[in-house]
Amino acid sequence: MTPEEILAADAAHVWHPYAALPPAMPPYLVQSANGVRLHLADGRALVDGMSSWWAAIHGYRHPVLDAAVTDQLGRMSHVMFGGLTHAPAVELARTLVEVTPDGLEHVFLADSGSVSVEVAVKMCLQYQRATGRPQRHRLATWRGGYHGDTFHPMSVCDPEGGMHHLWGDVLPRQLFAPAPPGGVDSPPDPVYEAALVDAVERSADELAAVIVEPVVQGAGGMRFHNPHYLRVLREVTRAHGVLLIFDEIATGFGRTGTLFAAERAGVTPDVLCVGKALTGGYLTLAAALCTAEVARGIRAGGVLAHGPTFMGNPLACAVANASLGLLRGGDWAAEVARIERVLRSGLEPLRSAPGVADVRVLGAIGVVQLDHEVDVDAATVAAVARGVWLRPFRDLVYTMPPYVTTDADLAVLLSGVAAAIAVA
Ligand SMILES: *Cc1c(COP(=O)(O)O)cnc(C)c1O
């Protein structure tokens, strides 16, 4: 197919994320990707400021990751996981237990982030049921969150950002506390803390679990909060027999400056979800990890009732193992700290630009919040004209580049962000 034929067929037949059919603006046609660059069919190359939605932390066509997939392809690309097992999945589970906060012992391999959240919720519901508290079937969270697009995850997304008004009685009704006050370093607010504790205590008898994204709320609004509130949640949930789920699908694997955001709080949740960067952005894979206590509870009631067809896919596990090997063998922390410095000094001057409401940076995440809804098409075109790929949403122009992005490419990226803001 010629590029024109591909785009015509795309418009005729293909859904894109959160898009009308056909989309208002046609997508850009990518022919290949290498390092931090997306190569378009028309010959242009774009520095990827999105890491393909938080995933491609090592960039594209990384020789070690390519080799891991090729090597695994020579053995088997897939076998069912019911009644069978294989080294790539077992090695991955063992590594995840090693690198995640202490106390998480058991790993369920799911095929996407949303499914891992479904599994995490199911673990908590089954645990409460098996330990004699079946009335504990609701979830609590705070506003401003995002946990995926399938129905249970949607029910704990921010009610406004998650468009709950569209879903009426379809979604399970969960409990929402106010969003945590902004700022990783802003002093804890005792009034907010008391309200948070009160919200959990008041409903504890009907709560299976509290679910939150630690430190950084991603697609719900790119807001950061003080890890202190995570310790507060850990204490109040433990005191009342409510489980605590951390969704680290966006924050995991170094993005915020620590390998997992939970480390900043020094707490271990009962269940942890990881995804996105798990395979270095190569293949879809996620995991829900739980403690021995949660697994023991579930076992008392029988089996964990979940089993995707492509569970533990060997290709995905092999490349996840290679990606974790790159992280453990390299100095990702120094790279993320370098990116944080460059983003901070590059984005800070935009604070005084017209229409800018806030600028915030944490780890390899840079956010410019506007005082109005972004004109996504205009911002995209302006960034592309500077050789940069960005995907703004709501009132946010943001970037979370691959960790391998050089200072020179970060400069290109920053010029794209500035150009996007100027027209947004
Ligand atoms: C992206 C994301 C999900 C959903 O993951 P998918 O792989 O898109 O299903 C869930 N939670 C968080 C925090 C995410 O960023």
Side-chain angles (χ1 to χ4, degrees), residues 15-19 50-57 100 108-124 139 141-159 161-163 171 174 179-180 209-225 230 233 244-256 258-262 264 269 271-289 306 308-311 313 316-317 319-320 323 362-365 367 391-394 396 398-400:
W15 290 113
H16 285 266
Y18 287 93
M50 304 305 291
S51 298
S52 281
W53 274 335
W54 313 77
I57 54 176
T100 52
F108 189 101
L109 295 168
D111 27 20
S112 75
S114 301
V115 172
S116 77
V117 173
E118 300 278 11
V119 171
V121 170
K122 200 180 262 189
M123 284 175 172
C124 295
L139 302 172
T141 184
W142 47 34
R143 286 179 176 256
Y146 176 78
H147 298 284
D149 287 352
T150 58
F151 278 86
H152 243 96
M154 256 185 1
S155 74
V156 282
C157 289
D158 185 74
M163 296 183 282
L171 289 181
Q174 315 293 17
V210 170
I211 177 168
V212 294
E213 294 155 281
V215 185
V216 175
Q217 294 180 296
M222 303 297 298
R223 296 174 81 251
F224 309 155
H225 57 258
L230 303 169
L233 284 177
L244 180 61
I245 305 171
F246 280 174
D247 177 349
E248 293 235 25
I249 292 167
T251 52
F253 308 107
R255 180 56 67 180
T256 69
T258 50
L259 196 57
F260 293 92
R264 282 182 194 267
V271 181
L272 176 78
C273 293
V274 297
K276 289 198 160 98
L278 173 59
T279 63
Y282 268 54
L283 285 159
T284 178
L285 185 69
L289 288 85
H306 211 93
T309 305
F310 286 96
M311 185 168 179
N313 175 257
C317 291
V319 73
S323 176
L362 182 70
I365 308 168
V367 183
R391 190 75 181 154
F393 71 103
R394 298 202 334 221
L396 302 161
Y398 71 112
T399 178
M400 58 283 175

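What you see is a predicted model; the values in this text were computed from it and never measured. In this chain, residues are counted from 1 in sequence order. All ligand and atom numbering here is 1-based and tracks the order in the structure.
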Passing option when Leu285 is tested against Val274, Val319, Leu278 for side chain to side chain contact (heavy atoms under 4.5 Å, CB included): Leu278
How would you list all residue pairs meeting side-chain hydrogen bond (donor to acceptor under 3.5 Å, both in side chains) that involve residues 272-284, not counting sequence neighbours? Asp66-Tyr282
Is there a donor-acceptor pair under 3.5 Å between the side chain of Glu213 and the backbone N or O of His147? no
Phe224: which residues meet the ring-ring contact (aromatic ring centres under 6.0 Å, His included) condition with it, sequence neighbours left out? none
Once you measure the plane-to-plane angle for Trp54 and Tyr398, does it fall in the parallel (<30°), tilted (30-60°) or perpendicular (>60°) bin? tilted
In order of chain and number, which residues sit within 4.0 Å of ligand 1 by heavy atom? Ser112, Gly113, Ser114, Tyr146, His147, Gly148, Glu213, Asp247, Ile249, Ala250, Lys276
Please name all residues satisfying side chain to side chain donor-acceptor pair (under 3.5 Å) with Ser323, sequence neighbours left out, ordered by chain then number. His58
